Amino acid sequence: MRKQLLSIFTLLIPIITFAQEQTTSEKIDAVFSKYTGWFVEGIFYEIPFSETFQIPWVLIVLIGGALFFTIYFKFINITGFSKAIQVVRGKYEDIEKHGAEELYGADGIAMSDEGDIVDTIRDESADGEVSHFQALTAALSATVGLGNIAGVAVALSIGGPGATFWMIVAGLLGMASKFAECTLGVKYRDVGPDGTVYGGPMYYLKKGLKEKGLGGLGKVLAVVFAIFVIGGSFGGGNMFQANQAAAQFVQLFDIESANAGMFFGIGMAVLVAVVIIGGIKRIASVTEKIVPFMAGIYVLAALIILGANFTLIDDAFGLIFKGAFSGLGIAGGLIGVMIQGIRRGAFSNEAGVGSAAIAHSAVRTKYPASEGIVALLEPFVDTVVICTMTALVIIITNFESSFMEYGTPITEGVELTATAFDTVIPHFSIVLTIAVILFAFSTMISWSYYGMQGWKFLFGKGRITDLVYKFLFLMFVIVGASISLGSVIDFSDAMIFAMVVPNIIGVILLSPKIKKELKKYNKAISKKHNALEDGATDVNNL
């Protein structure tokens, strides 16, 4: 563990030290690129299938895993959709209560195999710290954010309108991946004596693979994932968010100072610090209020623009489908569009990455599959709905622009989306700036929890280790707000996509365990349904 800690600090200290010593954003960006470029190139190394057909190896792992889960779980992304909504609405809460009594016993006490008291029943519910809805909003706050605003603009600017189609495909397939990993997150979580939950891929890789006689592989994959989730929390979950929030803030108020982003980052870091000190319960209480509010405003504005241009919606979808299967370069053009769409879609919804399993593992439930069912809603809301609406707004408001040409370079993301909204709703960029900052804020506090769980897994659970991680996280808020989008987005993508590899390997190996949990949950629901048909009024009497 000491060697791992030393390796991480070896990478981070030069970056942090330089950020403190230098005063210009350009110099920070140059050094950041220097220290992270090798990693980015490795993660996105493209396997050449032909002279014009090259695919990043990590995308093959991601999409291959999503296809496997979709087929293996019999299209759970479709068949489980309505059930997911019912679970979030609380339709099966009585099943959870019944499950809690089975777990804790009549005296409300859970015992370990050694006879020690490990937990007591809380709120007449099963183990965990937050509700299904809170777990969903906490995870959504880490996914519904700047990836939907800036990420979509980046995908369209590089891959054209056709990238939207492949983002939707990534979202639909990702629903099965999210179901699988979040089910495992609950099944193999650890619960402390005080009820604090520790969960995520680190735990199901280590404990789940040990059950299958692959303990050595499980430990290696768990450690690798923990390192990457820490890096992901600093990158996509932190610096990318701070960067885009700062960019929109600086543009709105036309601030010309070269160090404006850094000062904005300092202010953002203070606000983040106030929340992350309280852990997952405070994070969940904040996100369950912020996420519906900010998503509602953003979606409402998008609907207003689409309504004002409803005659162009069918044309926009025509461009999306035409671009998705365009003959431009056949292999090079088509695959390029596909890669951009899938890459940005995966970055937005994080399905297959394993990050959301950390937040969902804190839910109060006895049935792991119940939370897996809830989790499959995330890619749908995030990518299929919100990302598609953003893409339609950008396409419709840019019909006569040179932007509609494929391959048009762009150096910023959120500014393009802001301009698109302003064309129909004057001065909406002010509202969008507030939404961007809230999106960035909620994403950062959720990702701080993800990174903290990886940090605790590697270096132990203690006050000092917590403070070290939180200090580093807050430092990266400032660094992210100070450097250019190019370096931030490359490193953010690399760290998040790196998490895919150990996670997908482990989840595929543990798929039979997931199927068993799904059958158990469906059986409990059927039992309740049959009992109610027979006239039973209390599921606990079953």
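Predicted, not measured: the structure shown is a model, and the values here were computed from it.
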Query raised in the report: For Tyr450 and Ala356, which heavy atoms make the closest approach, and how far apart are they?
Result: OH-CA, 3.8 Å
Query raised in the report: If you measure from CG on Leu59 to CD1 on Ile43, what distance do you get to the nearest 0.5 Å?
Result: 11.0 Å
Query raised in the report: Could you give the distance from OG1 (Thr164) to CE (Met167), rounded to the nearest 0.5 Å?
Result: 7.0 Å
Query raised in the report: Do Phe179 and Phe69 have ring centroids that are under 6.0 Å from one another?
Result: no
**Report entry** Pro379 to Gly171 - nearest heavy-atom pair and separation
**Finding:** CB-O, 3.3 Å
**Report entry** Side-chain touch Tyr198/Phe457, heavy atoms, less than 4.5 angstrom
**Finding:** no
Query raised in the report: With side chains defined as the heavy atoms from C-beta onward, is the minimum distance between Val479 and Met239 less than 4.5 Å?
Result: yes
Query raised in the report: Taking it one step at a time, do Ile514 and Leu518 satisfy side chain to side chain contact (heavy atoms under 4.5 Å, CB included)?
Result: CA-CA 6 Å; Ile514 302 170; Leu518 179 60; 5.6 Å; no
Query raised in the report: Hey, what do you get for CZ (Arg463) to CG (Leu467), rounding to the nearest 0.5 Å?
Result: 6.0 Å
Report task. Show the numbers, then the answer: is there a side chain to side chain contact (heavy atoms under 4.5 Å, CB included) between Phe497 and Val61? Result -> CA-CA 10 Å; Phe497 275 92; Val61 176; over 6 Å; no
Do any side-chain atoms of residues 222-238 form donor-acceptor pairs under 3.5 angstrom with protein atoms, and if so which ones, sequence neighbours left out?
{"from": "Ser233", "atom 1": "OG", "to": "Ile230", "atom 2": "O", "distance (Å)": "2.6"}
{"from": "Ser233", "atom 1": "OG", "to": "Tyr469", "atom 2": "OH", "distance (Å)": "2.9"}
{"from": "Asn238", "atom 1": "OD1", "to": "Val477", "atom 2": "N", "distance (Å)": "3.3"}
{"from": "Asn238", "atom 1": "ND2", "to": "Phe473", "atom 2": "O", "distance (Å)": "2.8"}

Query raised in the report: Is it true that atom CZ of Phe39 has more than 12 heavy atoms of other residues, nucleotides or ligands lying nearer than 6.0 Å?
Result: yes
Query raised in the report: When rounded to the nearest 0.5 angstrom, what distance separates CZ in Phe68 from OG in Ser511?
Result: 4.0 Å
Requested in this report: Could you pull out the closest heavy-atom pair between Met202 and Gly454, with the gap in Å?
Outcome: CE-N, 3.8 Å
Query raised in the report: Within a strict 4.5 Å, meaning less than it, do heavy atoms of the Asp466 and Lys456 side chains meet?
Result: yes
Query raised in the report: Is the side chain of Asn77 donor-acceptor paired with the backbone N or O of Leu172 at a distance under 3.5 Å, no angle test?
Result: yes
Requested in this report: Nearest 0.5 Å please: distance from the CG atom of Asp382 over to the NZ atom of Lys178.
Outcome: 7.5 Å
Query raised in the report: Are the side chains of Ile305 and Leu392 in touch, meaning some heavy atoms are under 4.5 Å apart?
Result: no
Query raised in the report: Short question: side chain of Thr465, backbone of Gly460 - any donor-acceptor pair under 3.5 Å?
Result: yes
Query raised in the report: Any idea which heavy atoms bring Gly352 and Ser177 closest together, and the distance?
Result: N-CB, 3.8 Å
**Report entry** Closest heavy-atom pair and its distance - Ala369, Tyr521
**Finding:** CB-CB, 3.9 Å
Requested in this report: Answer whether the closest heavy-atom distance between the side chains of Gln241 and Met268 falls below 4.5 Å.
Outcome: no
Report summary line: Checking Ile504, Ile505, Leu510 against Ile508 for side-chain contact (heavy atoms from CB on, under 4.5 Å), the one that qualifies is Ile504
Report task. Can you see which heavy atom on Cys182 is nearest to which on Gly372, and at what distance? Result -> CB-CA, 4.2 Å
Query raised in the report: According to the side-chain hydrogen bond (donor to acceptor under 3.5 Å, both in side chains) rule, which pairs have a member within residues 494-508, sequence neighbours left out?
Result: Glu181-Asn503, Tyr204-Asn503
Query raised in the report: Could you state the interatomic distance from CD (Glu517) to CG (Leu184), rounded to the nearest 0.5 Å?
Result: 8.5 Å
Query raised in the report: So do the side chains of Ile373 and Ile76 get within less than 4.5 Å of each other, counting heavy atoms only?
Result: yes
Query raised in the report: Checking side chain to side chain contact (heavy atoms under 4.5 Å, CB included) for the pair Asp190/Lys207: CA distance, chi angles, key distance, verdict?
Result: CA-CA 10 Å; Asp190 281 349; Lys207 296 163 66 176; 2.7 Å; yes
